[in-house]
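Read through the structure below, which is laid out as structure tokens, and then see the notes.
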Amino acid sequence: MPAYHSTFLAEEDVNARIVGNMAVLPLKTQFRGPAIPCMEEYDIIDEVLDLFRANTFFKNFEIKGASDRTLIYGILFVSQCLNALSPSSTNNNAVRVLTNLALDDFAIPGDAGFPLNAVYLPPATKNDAVFLRQYLSQFRQELANRLIQRLYQNDPQKPSKFWLAFSRKKFMNKAL
């Protein structure tokens, strides 16, 4: 059974800017950044959260385009977020922890600390690198915010055990 790929592969030519070999896709977001506002109901953040649990079981992932690289980055970030939370975290504590995690200094493709430099190309120029860092910061903030909404959908005092069970899984045996 193959892994689930991004549905935005067909839209890469129209809506996406490619930096390095990673797609910069439109986002429905409340956070400031360079992402184009998404006019559709479903964006890459929704796709990351929908495909996270299914794709974490796969050790191999055939990359079919730049949107798949954005999907991989999102899945690895969700995994990092789940590892940062404890089963006894309340909603307020999770907001604090994941907001700090999203805003922390992070490596982008081409940096020495980035775990997937074999799969991602570095940005071509310094301006592209700054743009990608800003986009990924906005992406991480929105992803953390929507993950919290899903984790605490039923009970604001404890996260969903069906999400936290995936904190032990590693997608492609990698971590950010």
Quiz prompt | Gln134 side, atom CD; Arg32 side, atom CZ - distance, nearest 0.5 Å | solution = 10.0 Å

Self-check item: Set of side chain to side chain donor-acceptor pair (under 3.5 Å) partners for Asn145, sequence neighbours left out
Solution: none

Exercise. Measure the shortest side-chain to side-chain distance between Ile36 and Val24 over non-hydrogen atoms and say whether it is less than 4.5 angstrom.
Key: no

Quiz prompt | Phe57: partners by ring-ring contact (aromatic ring centres under 6.0 Å, His included), with sequence neighbours left out | solution = Phe166

Quiz item: So Phe58 and Met172, side-chain contact (heavy atoms from CB on, under 4.5 Å) or not? Walk me through it.
Solution: CA-CA 6 Å; Phe58 293 100; Met172 296 175 32; over 6 Å; no

Exercise. List the atom of Leu132, the atom of Pro123, and the distance in Å for their closest heavy-atom pair.
Key: CD2-CG, 4.0 Å

Quiz prompt | Residue pair Ile44 / Pro26: nearest heavy atoms and the distance that separates them | solution = CG2-O, 4.3 Å

Quiz item: Is Phe31 reachable from Leu101 through a run of I, L, V, M, F, W or Y residues, each pair having side-chain heavy atoms under 4.5 Å apart?
Solution: no

Exercise. State, to 0.1 Å, how close Leu71 and Ser6 come at their nearest heavy-atom pair, and which atoms those are.
Key: CD2-N, 3.8 Å

Quiz prompt | ring-ring contact (aromatic ring centres under 6.0 Å, His included) partners of Tyr120, counting only residues at least two apart | solution = Phe114

Practice problem: Can you sort out the partners of Asn117 under side chain to side chain donor-acceptor pair (under 3.5 Å), two or more places apart, ordered by chain and number? | Solution: none

Quiz item: Taking atom OG of Ser79 and atom CG of Leu176, what is their separation to the nearest 0.5 Å?
Solution: 8.0 Å

Exercise. Provide the full list of salt bridge (Lys or Arg N to Asp or Glu O under 4.0 Å) pairs with a residue in residues 117-130, sequence neighbours left out, each pair given once.
Key: Arg17-Asp128

Self-check item: Ala144: partners by side-chain contact (heavy atoms from CB on, under 4.5 Å), with sequence neighbours left out
Solution: Phe77, Leu98, Ala102

Exercise. Using the side-chain hydrogen bond (donor to acceptor under 3.5 Å, both in side chains) rule, collect all pairs that involve residues 89-105, keeping only residues at least two apart or in two chains.
Key: Ser86-Ser89, Asn93-Arg96

Quiz item: In this structure, are over 12 heavy atoms from other groups packed under 6.0 Å from Tyr42 atom OH?
Solution: yes

Self-check item: Gln138: partners by side chain to side chain donor-acceptor pair (under 3.5 Å), with sequence neighbours left out
Solution: none

Practice problem: With sequence neighbours left out, write down each residue that passes ring-ring contact (aromatic ring centres under 6.0 Å, His included) with Phe61, or none if nothing qualifies. | Solution: His5, Phe171

Self-check item: Cluster link Tyr135 to Leu121, ILVMFWY, side chain under 4.5 Å
Solution: no

Quiz item: Can you check whether Ala23's main-chain N or O pairs, donor with acceptor, with Thr70's side chain at less than 3.5 Å?
Solution: yes

Exercise. For Lys28 and Pro37, indicate whether the former's side chain and the latter's backbone hold a donor-acceptor pair under 3.5 Å.
Key: no

Quiz prompt | Distance in Å, Cys38 SG paired with Phe8 CZ, rounded so as to fall on 0.5 Å steps | solution = 6.5 Å

Quiz item: Within a strict 4.5 Å, meaning less than it, do heavy atoms of the Ser137 and Phe106 side chains meet?
Solution: yes

Practice problem: Could you note down all residue pairs passing side-chain hydrogen bond (donor to acceptor under 3.5 Å, both in side chains) where residues 154-165 supplies at least one of them, sequence neighbours left out? | Solution: none

Exercise. Quick one: do Phe139 and Thr29 satisfy side-chain contact (heavy atoms from CB on, under 4.5 Å)? Show the steps, please.
Key: CA-CA 9 Å; Phe139 181 84; Thr29 183; over 6 Å; no

Quiz item: Considering residues at least two apart in sequence or located in another chain, which fulfil the salt bridge (charged side-chain N to carboxylate O under 4.0 Å, His left out) criterion with Arg146?
Solution: Asp43, Asp46, Glu142

Quiz item: If you look at every heavy atom in Ile148 and Ala94, which pair is closest and at what distance?
Solution: CD1-O, 3.7 Å

Quiz item: Which atoms form the tightest heavy-atom contact between Pro159 and Leu164, and what is the distance?
Solution: CG-CD1, 3.2 Å

Self-check item: Distance-only side-chain donor-acceptor flag, Arg140 / Tyr73, under 3.5 Å
Solution: yes

Quiz prompt | For Leu143 against Gly74, the heavy-atom pair lying closest together | solution = CD2-O, 3.5 Å

Exercise. I would like to know whether Leu136 and Phe131 meet side-chain contact (heavy atoms from CB on, under 4.5 Å); could you show each step before the answer?
Key: CA-CA 9 Å; Leu136 289 178; Phe131 176 82; over 6 Å; no

Quiz prompt | Sidechain-backbone polar pair: Asp111 side chain, Ile108 backbone, donor-acceptor under 3.5 Å | solution = yes

Quiz item: Would you find more than 12 non-hydrogen atoms of other residues, nucleotides or ligands less than 6.0 Å from Gln149 atom CD?
Solution: yes

Exercise. Flag yes if Leu76 and Tyr4 sit in one hydrophobic cluster, no otherwise; membership is Ile, Leu, Val, Met, Phe, Trp, Tyr, and two members link when side-chain heavy atoms are under 4.5 Å apart.
Key: yes

Quiz item: Same cluster or not: are Leu49 and Ile75 linked, directly or through other Ile, Leu, Val, Met, Phe, Trp or Tyr residues, by side-chain heavy atoms under 4.5 angstrom apart?
Solution: yes

Quiz item: What pairs with Arg150 under side chain to side chain donor-acceptor pair (under 3.5 Å), at least two apart in sequence or on another chain?
Solution: Asp50

Self-check item: CA sep, side-chain torsions, deciding dist, call: Asn21, Val119, side-chain contact (heavy atoms from CB on, under 4.5 Å)
Solution: CA-CA 9 Å; Asn21 58 355; Val119 178; 5.9 Å; no

Quiz item: Does some side-chain heavy atom of Leu151 sit less than 4.5 Å from a side-chain heavy atom of Leu85?
Solution: yes

